[in-house]
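Step one of this worksheet: look at the structure below.
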Amino acid sequence: MIRFSSLMSSFTWRQNGTYPKFKISHIPDFNATELWLVSILQRLKEPKLIQQVHAHIVVSGLFRRTRLCNRLMNSYASCRHIGEINKVFCFIEHKNLVSWTILINGFTKNGFFVEAIEKFGQMVNCGLVPNAITISSVLPAIGKLRLILMGKSLHCYWVKQEYGCNVFVQSGLVHMYSKLGCPIAARYVFDSMSERNAVSWNAIIFGYSNNGMVEEAIGLFNLMRRSLLMDTFTIMSLVSAAFGVGDLKIVTQIHGLVVKSGHDKSQPVETRLMEMYIDVNFVDDAYCIFFEMSVKDVVAWTLMLTGFVKSANLSMAVEHVNQMMATEDVELDSVALIGILSGCSSSGALQQGRRVHALVIKIGIESDTFLGSSIIDMYANCAKLGDARRFFEGMAVKDAACWNALIAGNGMHGYGNDAVHLFQEMQDLGIDPNESTLVSVLSACGHGGLVEQGLYIFDNMVARWNLFPNQKHYACVVDLLGRAGRLNDAYSVISNMHLQPGVDVYGALLGACKAHGNIELGVEVSQRLFELKPEDAGYYVLLSNIYALSGNLEGVKSTRSLLRSTALKKDPGLSSVEINGAIYTFMASEKDHPLYPEISRFLKDLIFRIQEEGYVPDTKSVYQDVAEDLKKDILYHHSEKLAIAFGLMRTKPGAIIRVTKNLRACNDCHSSCKYISKVFGRALVIKDKNRFHVFHGGNCSCGDYW
DNA sequence: CTAGGGTTAG
């Protein structure tokens, strides 16, 4: 990244810029040829033909003609040959404002934002005064790179120059401020415009949508459609307004407006609508749109996949991936592959993940660090830490994300020391840890029981790494202290937070209250959680468990009635197991599952066998208010037990059973796994929401502490 | 020579 402050100071604006003088060649033929070539270039689209003309210009010495070269750059720009544009530009002896502008515009159009801004600075230093066109060309780069100071300074410059109103520049400014998170400034510019077109309106609507101001966005949209014709860009801006609000009413209202506008069949709009539904977890609605799309490109496929992954619909995700790979005109790019890997990672689909890894090698893009970090993450989440490590070591270039993935992987397996060691190693190699690195390493300390190490790192975040702790960091350190039984210390960390403590933080403390049977604090903390996230049933369940463990039946009863009286959403517990490359997902007591009768019979036998070894069902962890027998039945049909039973049924003796669960493992499942590993002589690798549990010969790697 | 849109790890 460039240093913006130094770039800023290198700008010296010239009030009366002077243009370099042109040397005009006096050979008459040149003029005729030049005119001829200019007219030819205007019509050329084919890169090969442009290159021929380019060669001709170089050979004939016409490259001294600025106008011709400008035209040549423009032709290259239209077929996106950015390298060639740059080459021509360097060749031009007398670069004028137009040459610079075409170059800068070529950079922004092709995503080279840093280069665009650098060239803009160089141009100004050469004494050229940017005009409206130059400024319009550089504004998008400033917005994309979020250079707020530079954006303001350019705005100032524009006003000082007294160029007056220019719809291009002002729309560009509105859009830039919208991207920079300054909707008020965007509105200020918008209001000062004497002429506005659809682009200006779209920019201000985008400004409100992009900054969470839904009502304003819809209001302006309604104002706009009275006076102007809207286009797909307007619709795109409008749909963005639904993001992050999580309000179904707004979502449906906006979808309605889109359909009414008649733009609902444009592919980008369809894609964005899908994204909107996925955002509020209405994956079925997203699938309806996807299904109806006449042309499904790789973006739509990838987005649909992330929807399945996000909603933990993992067998659908795997099925979707298979279809995606089998569809010929969908070319898997790195983004799609990352989506697939993330699906494999969260479902523990190792065989599928290996296929993707092989595909990455075949396509020849394994040097992509973004992709690489996903591969590391996939292996680590499929309990193949060694493979993760091996891949990591083979990478030529590793960025912070690659290190983070490996550190997090070690943490999940409980290898706190290794995680801290990697953390040190990355710094020795000069790679700066970022916020996520600290989350991974603190969480690793928690799972590895490295309390003092973790506290030391946490205390030095600002001084050593210039990182300010966010909610996640606090949650990690509360978890760390909570696990160690230091509930008071955890509480005082929360009291001294410089942020408003959120659900992650209180959730971590509540978990600790459960582990250490602290009812009093548990009640207080859950009260906060009910206020912060009243619709989440998980906290009611946890509180009820705390009461149950300490034998407080009154408390259990009152929590239960709270649970029933509120309209609550409980994330269903889902466990998946991979067998021969297929993912099987189970939900607790899912009686209409086609395999249920078979598995249920097997489970009955399994429970009998582990009871002989000493297993006692822990009915206290059942929060439903039912008879004891039914409680046992509920326990025996927890999703992880179904998945484990199915794994035992379908794999050869001695094979490791790997199960992935989306929530935390319950006490009863944890203890029964220990017995299963002993009785069946099998290693069980269970990944729950936070970490791996490796069961072997009656013991668990987490030391019964999670 | 000019401005605006969709997917991605931790």
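Every chain is numbered from 1 and lettered A, B, ... according to where its sequence line falls, protein lines coming before strand lines.
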Quiz item: Would you say Lys310(A) has more than 12 foreign heavy atoms packed within less than 6.0 Å of its NZ?
Solution: yes
Practice problem: When you get a sec, tell me which of dT2(B), dG5(B), dG6(B) is the closest nucleotide to the side chain of Phe168(A)? | Solution: dT2(B)
Practice problem: For Met378(A) and dG10(B), give me the distance from atom CE to atom C1', rounded to whole Å. | Solution: 15 Å
Practice problem: Please determine, for the side chain of Glu275(A), which listed nucleotide (dG6(B), dA9(B), dG5(B)) has the closest atom? | Solution: dG6(B)
Exercise. Is it possible for you to check whether Arg272(A) lies under 6.0 Å from the centre of the six-membered ring of Phe243(A), through NZ or CZ, and within 45° of that ring's axis?
Key: yes
Self-check item: Nearest-Å distance for atom pair CZ/C1', residues Phe113(A) and dA3(B)
Solution: 13 Å
Practice problem: Select base, sugar-phosphate, or nothing to describe what Pro140(A) touches, counting heavy atoms under 4.0 Å on all strands. | Solution: sugar-phosphate
Quiz item: Between atom CD1 in Ile92(A) and atom P in dC1(B), what is the gap in whole Å?
Solution: 13 Å
Quiz item: The side chain of Met236(A) lies closest to which of these nucleotides: dG6(B), dA3(B), dA9(B)?
Solution: dG6(B)
Quiz prompt | Atom pair distance, as rounded to whole Å: CH2 in Trp301(A) and C1' in dG6(B) | solution = 17 Å
Quiz prompt | For atom NE2 of His155(A) and atom P of dA3(B), their distance in whole Å | solution = 19 Å
Quiz item: To the nearest Å, how far apart are Glu270(A) CD and dG6(B) P?
Solution: 16 Å
Quiz item: Phe370(A) side chain: which of dT8(B), dG10(B), dA3(B) is closest?
Solution: dT8(B)
Exercise. Taking only the side-chain heavy atoms of Ser266(A) (C-beta and beyond), determine which of dT7(B), dT2(B), dG5(B) contains the nearest atom.
Key: dG5(B)
Quiz item: Any side-chain N or O of Lys179(A) under 4.0 Å from OP1/OP2 of dA3(B)?
Solution: no
Exercise. Mind checking Thr232(A) for me? I need base, sugar-phosphate or nothing, with any heavy atom below 4.0 Å counting as a touch.
Key: base
Exercise. Ignoring the backbone of Ala408(A), work out which of dA9(B), dG10(B), dT7(B) is nearest its side chain.
Key: dG10(B)
Practice problem: Please determine, for the side chain of Ser373(A), which listed nucleotide (dT7(B), dA9(B), dT2(B)) has the closest atom? | Solution: dA9(B)
Quiz prompt | Any donor-acceptor N/O pair, Asn110(A) side chain to Phe112(A) backbone, under 3.5 Å | solution = no
Quiz item: Counting any heavy atom closer than 4.0 Å, what does Asn434(A) reach on the DNA or RNA strands: base, sugar-phosphate only, or nothing?
Solution: base
Quiz prompt | Side-chain-base donor-acceptor pair under 3.5 Å for Ser374(A) and dA9(B) | solution = no
Practice problem: Would you mind reading off the distance between Asn105(A) atom CG and dC1(B) atom P, rounded to a whole angstrom? | Solution: 11 Å
Quiz item: Do Asn404(A) and dA9(B) have a side chain to base donor-acceptor pair shorter than 3.5 Å?
Solution: no
Quiz item: Is a side-chain donor or acceptor of Arg225(A) paired with a backbone partner of Met230(A) at a separation under 3.5 angstrom?
Solution: no
Practice problem: Taking only the side-chain heavy atoms of Arg71(A) (C-beta and beyond), determine which of dC1(B), dA3(B), dT7(B) contains the nearest atom. | Solution: dC1(B)
Quiz item: Going by heavy atoms in the side chains, are Met73(A) and Tyr76(A) under 4.5 Å from each other?
Solution: no
Quiz item: Asn70(A) near the nucleic acid: base, sugar-phosphate alone, or nothing, with a heavy-atom cut-off under 4.0 Å?
Solution: nothing
Quiz item: Rounded to the nearest 0.5 Å, how far does SG of Cys344(A) lie from CG of Asp377(A)?
Solution: 10.5 Å
Quiz item: CD of Gln471(A) versus C1' of dG10(B): gap in Å, rounded?
Solution: 18 Å
Quiz item: Are Lys472(A) and dG10(B) close enough that a side-chain N or O sits under 4.0 Å from OP1 or OP2?
Solution: no
Practice problem: Kindly point out which of dT2(B), dA3(B), dG5(B) is positioned nearest to the side chain of Ile133(A)? | Solution: dT2(B)
Quiz prompt | Closest nucleotide among dG5(B), dC1(B), dA3(B) to the Asn131(A) side chain | solution = dC1(B)
